[in-house]
Amino acid sequence: AGMNGTAIENFVCVIFNVSFMNCTWHVGRTASEDTQYFLYWKTSRKEDFTGCQNYIKDNCGRHTGCRFQNVTIENKRAYFLVNGSRNGKNIQSELILTCISNSIIVERLTPPLNVTVNCTKTSHGCEIRWQPPHTSHVKRHACFKYEIAIENK
């Protein structure tokens, strides 16, 4: 339902610093300057949707994103609903069910923690240790792969 071409496009969310999430989108192809979008989300079917409290706006004042704090996605699923209006008429709504593993939600990880380097002259080698980064949802740290760049100074 709603006016053709008014639905959002290119919806993506980025989780960073473990519990912050920014979701952004492009306005619909036929969206006029008075089109306004509203974002709601939840992490299970049983919950009620929570509306965005901190919108990102474009030059026309249209909502084109949202900043969330204290985000927890324990079951790797999230439900997003974007609706709105234009000239007092409903626009096309988007209901998105997504899993963390697909490309709609991306997590930017913090660096590994407690990095230590122990080099000895006798073995002509170094031992490097670290702890996995904090994440919003990954429980199995064996999933991580690390790359080390060693510079000789």
Side-chain angles (χ1 to χ4, degrees), residues 1-115 117 128 130-151 153:
M3 299 168 63
N4 284 340
T6 56
I8 62 165
E9 299 175 355
N10 301 321
F11 182 82
V12 66
C13 295
V14 177
I15 298 172
F16 59 98
N17 290 346
V18 182
S19 65
F20 296 94
M21 181 171 70
N22 285 355
C23 296
T24 58
W25 58 85
H26 295 132
V27 300
R29 292 182 305 277
T30 64
S32 60
E33 290 184 8
D34 67 340
T35 301
Q36 193 56 277
Y37 298 94
F38 300 96
L39 174 65
Y40 305 88
W41 88 296
K42 62 183 179 177
T43 57
S44 77
R45 289 183 182 175
K46 298 174 185 176
E47 289 179 39
D48 291 329
F49 276 103
T50 299
C52 175
Q53 300 296 313
N54 189 8
Y55 281 105
I56 300 165
K57 298 178 182 183
D58 68 7
N59 293 339
C60 298
R62 296 177 293 196
H63 300 159
T64 56
C66 182
R67 293 180 181 98
F68 293 99
Q69 296 181 20
N70 302 319
V71 170
T72 304
I73 304 177
E74 292 184 10
N75 63 3
K76 297 185 183 180
R77 290 182 187 228
Y79 301 80
F80 296 93
L81 171 65
V82 180
N83 63 19
S85 63
R86 161 178 136 174
N87 294 330
K89 297 180 182 176
N90 289 341
I91 63 167
Q92 288 178 311
S93 296
E94 289 287 323
L95 178 59
I96 303 163
L97 163 62
T98 186
C99 294
I100 296 289
S101 59
N102 73 18
S103 61
I104 291 177
I105 299 179
V106 176
E107 183 166 11
R108 292 204 176 128
L109 300 174
T110 61
L113 305 168
N114 301 323
V115 177
V117 179
I128 304 170
W130 61 86
Q131 293 175 335
H134 292 300
T135 69
S136 66
H137 67 284
V138 175
K139 302 295 183 221
R140 292 185 48 218
H141 293 294
C143 297
F144 288 109
K145 292 182 182 179
Y146 299 93
E147 183 176 305
I148 299 173
I150 298 175
E151 296 179 12
K153 292 187 179 186

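We use all heavy atoms of the structure for the numbers below, so side chains are in, but hydrogens, waters and symmetry mates are not.
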Open item on the list: Counting only heavy atoms from other residues, nucleotides and ligands, does the tally under 6.0 Å from CG of Asn59 exceed 12?
Closed with: no

Task: Within 6.0 angstrom of Glu33 CD, more than 12 heavy atoms from elsewhere - done: no

To the nearest 0.5 Å, tell me how far [X] [atom1] sits from [Y] [atom2].
| X | Y | atom1 | atom2 | value |
| --- | --- | --- | --- | --- |
| Ile15 | Arg108 | CD1 | CZ | 11.5 Å |
| Thr35 | His63 | OG1 | NE2 | 12.0 Å |
| Asp34 | Ser85 | CG | OG | 8.0 Å |
| Ile56 | Trp25 | CD1 | CH2 | 7.5 Å |
| Gln131 | Asn114 | CD | CG | 4.5 Å |
| Arg62 | Lys57 | CZ | NZ | 13.0 Å |

Open item on the list: Check whether Glu47 reaches the backbone of Trp41 with its side chain - one donor and one acceptor, N or O, closer than 3.5 Å.
Closed with: no

Open item on the list: Tell me whether Gln69 contacts the main-chain N or O of Ser19 through its side chain, where contact means a donor paired with an acceptor under 3.5 Å.
Closed with: no

May I ask you to test the [X]-[Y] pair for a side-chain heavy-atom distance under 4.5 Å?
| X | Y | result |
| --- | --- | --- |
| Thr64 | Tyr37 | no |
| Arg45 | Tyr79 | yes |
| Ile128 | Ile148 | yes |
| Phe68 | Leu39 | yes |

Testing the basics here: between [X] and [Y], what is the closest heavy-atom pair and its distance to 0.1 Å?
| X | Y | answer |
| --- | --- | --- |
| Pro133 | Pro111 | CB-O, 3.7 Å |
| Tyr55 | Phe38 | OH-CA, 3.2 Å |
| Tyr146 | Pro112 | CE2-CG, 3.9 Å |

Open item on the list: Could you check whether the SG atoms of Cys23 and Cys66 sit less than 2.5 Å apart, since that is the cutoff I want to apply?
Closed with: no

Task: All side chain to side chain contact (heavy atoms under 4.5 Å, CB included) counterparts of Gln53, not counting sequence neighbours - done: none

